[in-house]
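Worksheet: one structure, shown below.
Index from 1, following the sequence.
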Amino acid sequence: KVYYDNDADFNLLKGKKIGYIFNQHGSARTFWEALEKETAKALDPAVIERVYKDNTWAPAPSAEIERLVEKTDYVLVGVGA
């Protein structure tokens with residue numbers, strides 16, 4: 001199920017299971033580390049699941065994406081992931 005709402009309350013994500021997909025590109029690592037730290041602090045997720053790609057140019061493996069779909073409530077995806 002995909003939910004779109006421009007006026008959605010960010011607080012609705014508190015305590016939920018979060019996933020991250022990140023391509024580990026060097027130009028974004030500092031930002032991504034800060035993003036994960038701040039979302040964890042602000043949202044206190046029940047579960048954190050990650051897919052960190054080994055190859056910045058290739059798509060994330062389908063099996064890894066399916067794993068995140070099954071184990072999380074929502075996923076933050078880095079550009080190019």
Side-chain angles (χ1 to χ4, degrees):
K1 176 180 172 185
V2 177
Y3 177 74
Y4 296 99
D5 184 345
N6 291 335
D7 297 321
D9 184 354
F10 195 65
N11 290 316
L12 293 173
L13 301 177
K14 284 187 175 179
K16 304 281 186 181
K17 299 176 283 187
I18 187 172
Y20 298 101
I21 301 176
F22 178 48
N23 69 3
Q24 299 194 77
H25 194 278
S27 66
R29 283 191 181 161
T30 300
F31 167 79
W32 196 261
E33 290 171 6
L35 174 75
E36 285 196 20
K37 179 181 175 183
E38 293 302 315
T39 54
K41 185 168 50 173
L43 300 175
D44 191 28
V47 170
I48 298 173
E49 295 285 335
R50 295 176 175 91
V51 172
Y52 289 166
K53 296 176 12 174
D54 293 327
N55 180 339
T56 61
W57 302 104
S62 296
E64 290 295 299
I65 293 171
E66 290 299 321
R67 178 180 64 82
L68 286 183
V69 168
E70 292 174 8
K71 292 188 172 189
T72 62
D73 297 311
Y74 64 100
V75 176
L76 298 178
V77 180
V79 174

Scanning both residues in full, the closest heavy-atom pair of Pro45 with Ala40 reads CD-O, 3.6 Å
Considering all heavy atoms of both residues, which atom of Ala46 and which atom of Lys17 are nearest to each other, and what is their separation?
CB-CG, 4.4 Å
Those residues that, when tested against [X], pass side chain to side chain contact (heavy atoms under 4.5 Å, CB included) (two or more places apart):
X     : answer
Arg29 : Phe22, Gln24
Phe31 : Leu35
Leu68 : Ile21, Glu49, Val51, Thr72, Val75

Return the CD1 to CG distance between Ile48 and Leu43, rounded to the nearest 0.5 Å.
10.0 Å
Return each pair, listed once, that meets salt bridge (charged side-chain N to carboxylate O under 4.0 Å, His left out) where at least one residue sits in residues 36-47; pairs must be two or more places apart or across chains.
Glu36-Arg50, Glu38-Lys41
Is the closest side-chain heavy-atom distance between Leu13 and Ile18 below 4.5 Å?
no
Side-chain ion pair, Arg67 and Glu64, N-O less than 4.0 Å
yes
When you group the ILVMFWY residues by side-chain heavy-atom contacts below 4.5 Å and let the links chain together, are Val47 and Leu76 in the same group?
no
Sequence neighbours excluded, which residues qualify as side chain to side chain donor-acceptor pair (under 3.5 Å) partners of Ser27?
His25
